[in-house]
Amino acid sequence: MKNYWLMKSEPDAFSIEDLERLNGKSEPWDGIRNYQARNFMRDEFKIGDQILFYHSNCSPPGVVGLAEVASDPYPDETAFDPKSKYFDPKSKRDSPRWILVDVRFVAKFPRTVTLAEMRETESLGEMRILQKGNRLSITPVSERDYEKIVELGNSSTS
DNA sequence: GCCAACGTTGGC
DNA sequence: GCCAACGTTGGC
């Protein structure tokens with residue numbers, strides 16, 4: 001059984017275009033420093049899981065395309081690097097605190113499914129991203145909501 | 001830039 | 001274990 005996820009990224013830091021430019025090469029999803037998000041990757045991510053790629057902290061925020069999980073979980077190297085902004089002295093090589101997976105580009109939507117549009121879409125009402133105060137950067141998505149967003153992202157009518 | 005909502009830290 | 005202070009996220 002495939003799982004579905006929504007993963008946020010600030011396009012200034014890493015965008016769907018950055019991922020697309022890798023030409024099918026996978027990229028470590030580094031910098032996750034939240035235990036809940038880490039636990040999803042560590043305990044539930046499987047190779048082939050599908051990802052809604054969400055641009056946050058930009059205008060307009062929304063789902064811009066699709067990616068997929070391309071590796072099993074493994075330690076986040078940036079936590080060991082004192083020069084990285086993600087450095088965490090409490091993460092030791094013999095007991096890594098932060099782990100990640102690689103992701104691979106799947107598709108960029110012809111158009112962005114904006115957060116505002118998602119809020120207006122009745123059937124998406126249960127999505128975690130729409131709940132008040134949600135800040136979690138990785139959230140599970142139901143297959144139904146995933147399919148709906150793919151449909152919206154590929155539709156020409158708004 | 002503002003600020004609400006959260007998560008983390010650390011003194012006690 | 002409590003909780004105030006602080007830092008971060010992220011929409012607006």
Side-chain angles (χ1 to χ4, degrees), chain A residues 3-21 27-45 49-69 73-103 105-142 144-146 148-155 158:
Chain A
N3 292 319
Y4 300 89
W5 308 95
L6 182 144
M7 296 170 78
K8 296 180 187 172
S9 185
E10 302 190 12
D12 287 347
F14 188 75
S15 69
I16 187 90
E17 289 82 9
D18 292 329
L19 189 60
E20 183 174 22
R21 267 195 290 275
E27 170 81 4
W29 197 266
D30 57 21
I32 295 295
R33 296 294 178 268
N34 170 283
Y35 290 105
Q36 250 185 296
R38 179 205 64 182
N39 293 348
F40 282 135
M41 290 197 291
R42 186 189 61 192
D43 304 333
E44 300 189 43
F45 272 46
D49 281 1
Q50 298 299 116
I51 298 164
L52 296 173
F53 198 113
Y54 179 93
H55 280 176
S56 67
N57 240 318
C58 60
S59 187
V63 178
V64 292
L66 305 174
E68 65 183 5
V69 176
Y74 64 97
D76 184 342
E77 283 292 321
T78 63
F80 307 131
D81 178 3
K83 292 191 295 295
S84 168
K85 64 173 171 171
Y86 300 126
F87 177 58
D88 182 352
K90 291 176 186 154
S91 186
K92 302 286 170 33
R93 284 195 179 274
D94 55 2
S95 63
R97 172 174 297 199
W98 303 113
I99 63 98
L100 49 66
V101 298
D102 291 345
V103 303
F105 178 80
V106 171
K108 184 180 166 182
F109 288 157
R111 66 184 195 82
T112 299
V113 181
T114 67
L115 180 61
E117 182 181 1
M118 291 163 68
R119 289 196 192 289
E120 287 165 8
T121 305
E122 195 107 11
S123 72
L124 296 176
E126 302 290 304
M127 285 189 73
R128 291 276 290 271
I129 188 98
L130 302 179
Q131 308 303 311
K132 184 180 178 189
N134 164 74
R135 294 192 323 181
L136 200 53
S137 61
I138 297 177
T139 49
V141 173
S142 71
R144 194 181 59 116
D145 291 347
Y146 171 85
K148 182 65 185 174
I149 288 178
V150 170
E151 177 193 322
L152 290 171
N154 286 315
S155 72
S158 65

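Since the structure is predicted, the reported quantities are computational estimates derived from the model, not experimental observations. Throughout, a chain's letter reflects where its sequence line sits, starting with A, and its residues are numbered from 1.
Every residue meeting the ring pair (Phe, Tyr, Trp, His ring centres under 6.0 Å) condition with A/Y4, not counting sequence neighbours, appears here in chain and number order: A/Y146. Under the side chain to side chain contact (heavy atoms under 4.5 Å, CB included) criterion, A/K90 pairs with A/D88, A/R97, not counting sequence neighbours. Not counting sequence neighbours, the partners of A/N39 by the side-chain hydrogen bond (donor to acceptor under 3.5 Å, both in side chains) test are A/R42. By the ring pair (Phe, Tyr, Trp, His ring centres under 6.0 Å) test, A/Y86 is found to be paired with no residue, residues two or more places apart in sequence or in another chain being considered. The side-chain hydrogen bond (donor to acceptor under 3.5 Å, both in side chains) check on A/K8 picks up nothing, with sequence neighbours excluded. Listed by chain and residue number, A/F40, A/F45 satisfy the ring pair (Phe, Tyr, Trp, His ring centres under 6.0 Å) test with A/W5 (two or more places apart in sequence, or in another chain).
Taking the charged nitrogens against the carboxylate oxygens, A/R111 and A/E117 do have a contact shorter than 4.0 Å, which makes a salt bridge.
Every pair passing side chain to side chain donor-acceptor pair (under 3.5 Å) that includes a residue from residues 128-142 of chain A is listed here, sequence neighbours excluded: A/S142-A/D145.
Between its two ends, the helix from B/dG1-C/dC12 to B/dC12-C/dG1 turns its axis by 10°, counting five pairs per end and rounding to 10 degrees.
Contact footprint of chain A on DNA chain B: nucleotides with an atom under 4.0 Å from a non-hydrogen protein atom, first to last in 5' to 3' order, B/dA5 to B/dT9.
For the pair A/L152/A/F109, no side-chain contact is recorded, criterion being any heavy-atom separation below 4.5 Å from C-beta on.
Contacts between residues 127-136 of chain A and DNA chain B, counted as heavy-atom distances below 4.0 Å, involve A/K132, A/G133, A/R135. Contacts of residues 10-18 of chain A with DNA chain B (heavy atom under 4.0 Å): none.
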Side-chain donor/acceptor pairs under 3.5 Å, residues 54-69 of chain A, sequence neighbours excluded:
{"from": "A/H55", "atom 1": "NE2", "to": "A/I16", "atom 2": "N", "distance (Å)": "3.1"}
{"from": "A/N57", "atom 1": "ND2", "to": "A/E10", "atom 2": "OE2", "distance (Å)": "3.2"}
{"from": "A/E68", "atom 1": "OE2", "to": "A/R104", "atom 2": "NH1", "distance (Å)": "2.9"}

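Checked by atom type, the side-chain pair A/D18/A/S15 shows a donor-acceptor distance below 3.5 Å.
Not a single donor-acceptor pair under 3.5 Å links the side chain of A/S91 to the backbone N or O of A/A79.
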